[in-house]
Protein chains: 2
Amino acid sequence: MLGAVTTSRARGSDAGDGPTHKRLAPDARRAQLVRLGLQQIRSRPFDQVLIDDVTEAAGISKGLLFHYFPSKRDFLAAVIRAAAAELLAATQVDPEQPQADRLRAGLRAYIAYIEQQPSSYIAIARGAGSDEQLLEIFEDTRSTIVERITAQLDADPSPVLRLATRGWVAMVEEATFKWLEDRPCGRDELIEMLEMAALLVLPRARTLGAAPDADASAG
Amino acid sequence: MLGAVTTSRARGSDAGDGPTHKRLAPDARRAQLVRLGLQQIRSRPFDQVLIDDVTEAAGISKGLLFHYFPSKRDFLAAVIRAAAAELLAATQVDPEQPQADRLRAGLRAYIAYIEQQPSSYIAIARGAGSDEQLLEIFEDTRSTIVERITAQLDADPSPVLRLATRGWVAMVEEATFKWLEDRPCGRDELIEMLEMAALLVLPRARTLGAAPDADASAG
């Protein structure tokens with residue numbers, strides 16, 4: 001869409017987010033603008049991101065931002081996609097850990113992400129409305145998390161196991177949001193409850209979902 | 001706000017939603033407009049409600065609508081509040097039924113509501129964004145459902161039981177949405193999975209949440 005522009009990285013730029021009138025290569029400029037957008041959605045609802053603040057911090061004109069992102073919606077989508085990538089990276093646990101530890105480690109990381117940047121999380125998980133781009137980011141992110149979990153449980157997860165896992169992720173999200181409001185119990189109690197729910201429900205969902213006449217469960 | 005106007009119901013009106021230039025009493029007019037809004041959000045995202053269609057169907061001017069509802073946001077909030085009341089009424093189960101039957105009946109009704117009017121449900125449960133009025137409607141609705149369920153389990157529900165129940169309601173919602181996309185399993189399997197989750201998780205959450213040195217559990 002941007003034509004045959006150079007794809008080389010900006011050389012010698014220390015990726016300064018402060019005002020700078022440096023010329024940046026397109027990739028570096030896009031990355032810089034997305035990073036500035038990420039900073040904004042950490043502290044305010046994503047639909048209140050101020051394009052003026054982003055362009056001022058980058059030391060560029062609004063026109064240049066709209067050269068890289070055709071509309072504010074497109075810019076926000078790029079920012080939210082970056083936030084989703086952060087969430088997925090933050091909740092990726094060491095595959096060498098025992099399975100029980102992985103569940104708890106993933107839960108802790110997921111809750112910590114929501115806690116530390118609730119507005120970024122809301123942008124990913126609840127901000128889509130009827131916006132196609134944002135719905136796609138939400139769906140991709142949630143599916144990735146669900147696939148990670150179900151892959152631990154079954155090489156060929158049934159639809160019911162997938163539904164239960166997806167439901168459990170929503171349970172984690174909702175309970176964490178509610179907990180953040182006034183922390184009515186300790187963090188460890190919250191984690192224990194959510195872990196207990198996974199350990200009780202998901203293995204049962206796996207057997208519920210198995211077709212009674214299936215002769216193989218491995219994919 | 002509307003001053004000392006009559007509160008009598010519109011006499012003789014058969015609550016026609018079609019074009020009518022009848023004078024209606026303020027309460028009846030508000031109810032009519034909300035009903036027309038409800039019809040719209042059953043079939044389209046609530047943020048795409050067309051005020052023009054509502055006023056045309058009511059046979060009134062836009063100015064008159066904005067006399068009753070100061071802004072489109074206020075009108076939408078009234079419509080979504082009415083949808084939430086419908087949801088609560090639809091999922092209210094017979095208190096004379098055995099407890100196990102009530103859970104299943106409530107689940108069936110909840111899933112049926114989402115299935116029959118997904119866009120109304122989305123408006124209640126996911127449309128709030130950062131809108132204070134809509135957040136309040138969502139919170140009131142969800143709290144009412146959570147209180148109904150926890151009251152069945154404990155006269156004095158602990159914070160952990162409340163969090164678990166709230167999480168379970170989110171699980172129902174998310175699994176149902178995903179199920180509606182392509183119905184990867186039968187309705188009964190979906191209901192069985194969600195019922196199983198409630199029966200396994202909520203009683204355990206009740207004991208998790210109990211303070212170890214509490215000497216009374218009834219409120």
Side-chain angles (χ1 to χ4, degrees), chain A residues 44-48 119 122-123 125-131 138-139 142-143 146 158-179 181-186 188-190 192-209 211, chain B residues 44-48 119 122-123 125-131 138-139 142-143 146 158-179 181-186 188-190 192-209 211:
Chain A
R44 66 171 76 204
F46 76 98
D47 51 2
Q48 290 170 27
S119 67
I122 288 171
R126 304 199 171 186
S130 51
D131 183 293
F138 166 71
E139 186 53 41
R142 184 138 294 180
S143 303
V146 167
S158 71
V160 175
L161 176 57
R162 282 210 173 85
L163 286 176
T165 305
R166 201 173 159 108
W168 178 77
V169 174
M171 177 181 217
V172 171
E173 170 184 307
E174 178 85 359
T176 303
F177 271 131
K178 194 65 190 164
W179 178 76
E181 278 178 20
D182 49 6
R183 308 199 185 223
C185 65
D188 287 343
E189 270 178 298
L190 172 72
E192 193 181 347
M193 182 275 283
L194 293 168
E195 187 178 22
M196 171 273 288
L199 294 174
L200 289 177
V201 171
L202 303 186
R204 271 293 290 279
R206 188 180 165 219
T207 62
L208 264 189
Chain B
R44 67 171 76 205
F46 75 98
D47 51 2
Q48 290 171 27
S119 66
I122 288 171
R126 305 200 171 186
S130 50
D131 184 293
F138 166 72
E139 185 53 42
R142 185 138 293 180
S143 302
V146 167
S158 70
V160 175
L161 176 57
R162 282 210 173 87
L163 285 176
T165 305
R166 200 173 161 108
W168 178 77
V169 174
M171 177 182 216
V172 172
E173 171 185 306
E174 178 84 358
T176 303
F177 272 130
K178 194 65 191 164
W179 178 77
E181 278 178 21
D182 49 7
R183 307 197 185 225
C185 65
D188 287 343
E189 270 178 299
L190 172 72
E192 192 181 348
M193 182 275 284
L194 294 169
E195 187 179 22
M196 171 273 288
L199 294 174
L200 290 177
V201 171
L202 302 187
R204 271 294 289 279
R206 188 180 164 219
T207 62
L208 264 189

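Heavy atoms only: backbone and side chains are in, while hydrogens, waters and symmetry mates are out. Convention: sequence-line order gives letters A, B, ...; per-chain numbering from 1.
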Would you say Glu189(A) and Leu208(B) make side-chain contact, with heavy atoms under 4.5 Å? no
Part of Arg142(A) within contact of chain B (heavy atom distance under 4.5 Å): side chain
Closest heavy-atom pair and its distance - Glu174(A), Ala170(B): CB-CB, 3.5 Å
Under a 4.5 Å heavy-atom cut-off, does chain A meet the side chain of Met193(B), its backbone, both or neither? both
Closest non-hydrogen atom pair between Ala205(B) and Met196(A), with its separation: N-CE, 3.7 Å
I'd like to know which of Cys185(B), Ala197(B), Pro184(B), Ser119(B) tops the heavy-atom pair count under 4.5 Å against chain A. Pro184(B)
Just how far is it from atom CZ of Arg166(B) to atom CZ of Phe177(A), taken to the nearest 0.5 Å? 10.5 Å
Glu139(B) with Lys178(A): basic N within carboxylate O range, under 4.0 Å: yes
Checking heavy atoms, do the side chain of Leu190(A), its backbone, both or neither come under 4.5 Å from chain B? side chain
State which residue, out of Val169(A), Val201(A), Val172(A), fulfils the side chain to side chain contact (heavy atoms under 4.5 Å, CB included) condition with Met171(B). Val201(A)
